[in-house]
Amino acid sequence: MKEKFYITTPIYYPSNKFTLGNCYTTVICDAIARFNKRQGKDVFFLTGTDEHGQKISQAAAAKGMAEKDYLDEIVADAKALWAMLGIEYDKFIRTTDDYHEKSVQTIFRTLYEKGYIYKGEYEGLYCTPCEAFWTESQLVDGKCPDCGRAVSPQKEEAYFFKLSEFGDKLMKLYKDNPKFLQPQSRINEMVNNFLKPGLADLCVSRTSVKWGIPVDFDPKHTIYVWLDALTNYTNALGYNSEDESLFKKYWPANVHMVGKEIVRFHAIIWPAFLMALDLPLPERIFAHGWMLFGGDKLSKSKTTGSVECIDPRILVPEYSADAVRYILLREIPFGSDGNYTTEIFFNRFNSDLVNNFGNLVSRTLSMLKKYFGSVVPKHEKSENEDDIALQNDVKKEVENVFKVMEDFDVSKALISIFNIFTLANTYIQKVEPWAVAKDENQKARLATIMTNLLEAIRIGTSLLSSFLPECSKKVLDAFGIDAEADFADLDNFNGVEEGREILPIAILFPRLDIAAEFEKLAKIMANK
Ligand code: MSP
């Protein structure tokens, strides 16, 4: 039986103004899901939208629309964006889906019946945009520690979850499973900021918020948005429904990928809910950093004096889904923050996609055409030291890709994959196939050189296909390799079919004239 792999993104607040930053978690998860599929695993990749709470009501009202109608439109937009970026999720959950709402009510009732939820009165400081209550000591300069905006005192009858009972259990969880929350620095943050000062019980219902899931046994209360949202991870698999087969198969999650600002909810509140429900805990929670725009998570401030475009709906049609995926996956050191500017995007496009990868493929296939009529020559075993060095160096990079992907480090994986292309380009300069081709007696040597290059491309592109699926498929199709199949022959230089015709393919990435592109983008954005 195939090993299962269940990966989730956070469910997004619906918006038709998603920036590149919003696409980050989803693109990472898509790459990891595809990579695990190609490793032969039975993958389930979940994403979706988080649709309850005051903010949504306010946004719908501002447009004079009913919440659900408003949401249907923007969810359709979000799905279109994911399709545009080549995101292949297995399920899209909406927290307004009937089965989810029912399960949330069942979970709430179960926790109440088990004595983990009780009725009381809440008096606290509430951040409306974040839909989070804070204590005085958690505020930063008197403001919400997550978004820096003002909080206001609120008081009302409410149900509480006994979070305070879970401090020791969580401490033990982190100690026994050091990989439960990564990077390691996040564990320290949770311990020092939340567990050591002591956990307060958590308010899990509101009477003032109307747009939410009602508590079924006390319907003037709606259920706290984070209890609603977090349980999407089990509910999407049919937990509490008539058919729990997916839940039985895929739960617990192998990884919840989350942005660093929502770690507290995933690494403290979520495991506490699961423990209270007697459910197994996710294997890992990975907190990634932010893509910053001029030092900010959200703004599109102009830092370089050039046009700053962070709208994926403009960038994808202009520069391809792969190029946008590349900058997201490559530019941000995994787990840390990374800065984005349009200039960085253009430079990476030209240096990595055009000069390194695209150029390697086109020059190799034109040499194959010129020297061997586009037919893959016989693979000869070679003792030549340049060949052996290339093969060994490529092998090391391949091993490294698998190693870093165990910790989901997509940026390091891409560095290694592009190192393979660099190695092949350097090999071309070193062995000078054009010089070898001049000597009729060196036909066998030329054949070895060409097959080495084809193998380096095949291996690198097979690995690349999980990250940049469109361009990789073009190359792999030409090589007769199924881009969806399990990885094969990555540890040997003998996977391209001898005698196969590999014709030159259309340019993968056209070189950008950066000044002209800036002008073009400025025009597009002015007309938006
Ligand atoms: N709805 C909650 C999650 C509930 S999960 C049970 C939420 N939604 S969100 O739309 O605000 O964020 C979704 C994801 O997008 C988060 O992982 C967040 O970190 C990520 N990003 C949004 N902007 C980002 C950047 N600029 N950079 C990287 N990721 C960021 O939180």
Side-chain angles (χ1 to χ4, degrees), residues 7-30 32 46-56 59 71 74-75 77-78 81-82 85 87 92-96 100 104 107 127 129-132 144 146-147 186 212 223-236 253 255-271 273-274 282 285-301 308 310-312 324-325 327-341 408 410-411:
I7 180 166
T8 68
T9 71
I11 44 172
Y12 282 75
Y13 295 126
S15 162
N16 49 10
K17 293 204 183 77
F18 277 172
T19 67
L20 277 180
N22 294 107
C23 303
Y24 183 62
T25 325
T26 308
V27 169
I28 296 176
C29 287
D30 183 70
I32 298 171
L46 173 72
T47 192
T49 39
D50 186 356
E51 304 187 9
H52 290 120
Q54 213 147 293
K55 260 189 304 181
I56 304 278
L71 285 163
I74 43 186
V75 169
D77 262 8
L81 176 61
W82 297 153
L85 279 161
I87 308 293
F92 191 102
I93 185 171
R94 300 180 56 176
T95 55
T96 49
H100 171 76
V104 172
I107 289 171
C127 174
C130 292
E131 287 162 342
C144 169
D146 275 354
C147 72
R186 301 289 168 205
I223 295 171
Y224 175 45
V225 278
W226 275 97
L227 192 157
D228 167 356
L230 286 162
T231 56
N232 91 86
Y233 300 130
T234 48
N235 298 341
V255 60
H256 292 312
M257 189 63 63
V258 302
K260 63 180 183 178
E261 79 283 16
I262 51 176
V263 171
R264 179 174 77 99
F265 299 98
H266 285 84
I268 292 184
I269 298 175
W270 180 224
F273 286 158
L274 290 166
I285 291 163
F286 199 103
H288 65 70
W290 288 338
M291 175 169 237
L292 300 175
F293 308 103
D296 195 292
K297 176 171 171 254
L298 302 167
S299 97
K300 29 176 151 177
S301 58
E308 285 310 328
I310 59 171
D311 182 349
V324 171
R325 289 171 67 106
I327 198 72
L328 287 167
L329 294 164
R330 170 67 183 81
E331 197 55 37
I332 307 176
F334 197 48
S336 319
D337 293 345
N339 221 21
Y340 173 88
T341 64
F408 313 120
V410 289
S411 53

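Counting convention: from 1, in listed order, for ligands and their atoms alike. Numbers for residues simply follow the sequence, beginning at 1.
Residue-ligand proximity, Ala229 to ligand 1, at heavy-atom distances under 4.0 Å covers atoms 6 (C). Residue-ligand proximity, Asp50 to ligand 1, at heavy-atom distances under 4.0 Å covers atoms 1 (N), 2 (C), 4 (C). The contact set between ligand 1 and His288, taken as ligand atoms under 4.0 Å from a residue heavy atom, comprises 17 (O), 19 (O), 28 (C), 29 (N). Heavy-atom proximity to Thr25, at under 4.0 Å, picks out these atoms of ligand 1: 14 (C), 15 (O), 16 (C), 17 (O), 20 (C). Close approach of ligand 1 to His266 (heavy-atom distance below 4.0 Å) involves ligand atoms 5 (S), 6 (C). Close approach to Gly289 involves these atoms of ligand 1, each under 4.0 Å from a residue heavy atom: 28 (C).
For Met257, no heavy-atom contact with ligand 1 is shorter than 4.0 Å. Heavy atoms of Trp226 found under 4.0 angstrom from ligand 1 belong exclusively to the side chain. No part of Lys260 comes within 4.0 Å of ligand 1, judged by heavy-atom distances. Residue contacts with ligand 1, taken as heavy atom pairs separated by less than 4.0 Å, involve Tyr24 solely via side-chain atoms from C-beta onward.
Counting heavy atoms from C-beta outward, Leu328 and Ile28 have side chains that stay 4.5 Å or more apart. In this structure, Tyr12 and Cys23 have side chains that are not in contact, with every pair of non-hydrogen atoms separated by 4.5 Å or more. Within the 4.5 Å cutoff, the side chain of Val258 has no heavy atoms near those of the Thr9 side chain.
Annotation: Ile11 places an N or O atom under 3.5 Å from an N or O atom of ligand 1; distance criterion only. Among the atoms of Gly259, some N or O lies under 3.5 angstrom from an N or O of ligand 1. Of the polar atoms of Met291, at least one N or O is found under 3.5 Å from an N or O of ligand 1, judged by distance alone.
Every side chain to side chain contact (heavy atoms under 4.5 Å, CB included) that Ile11 has, sequence neighbours left out, goes to Asp50, Ile93, Thr95, Ala229, Asn232. Looking at residues two or more places apart in sequence or on another chain, you find no salt bridge (charged side-chain N to carboxylate O under 4.0 Å, His left out) involving Arg264.
The residue among Leu227, Ile262, Leu20, Ile28 with a heavy atom at the shortest distance from atom 31 (O) of ligand 1 is Ile262. Nearest residue to atom 24 (C) of ligand 1 from Pro10, Gly21, Ser15 is Gly21 (criterion: closest heavy atom). In the candidate list Tyr233, Tyr12, Trp290, Tyr233 is nearest to atom 5 (S) of ligand 1, counting heavy atoms. Distances from atom 9 (S) of ligand 1 to the heavy atoms of Tyr340, Phe18, Phe265, Tyr13 show the closest one on Tyr13.
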Stepwise salt bridge (charged side-chain N to carboxylate O under 4.0 Å, His left out) check, Lys17 with Asp311: CA-CA 8 Å; Lys17 293 204 183 77; Asp311 182 349; over 6 Å; no
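For an aromatic pair to be called close, the ring centres must be under 6.0 Å apart, and Phe334 with His288 fails this.
A distance of 13.0 Å separates CZ in Phe265 from CD1 in Ile285, rounded to the nearest 0.5 Å. In this structure, Phe293 CZ and Leu20 CG are separated by 5.0 Å, a value rounded to the nearest 0.5 Å.
The closest side-chain donor-acceptor pair between His52 and Tyr224, if any, does not fall under 3.5 angstrom.
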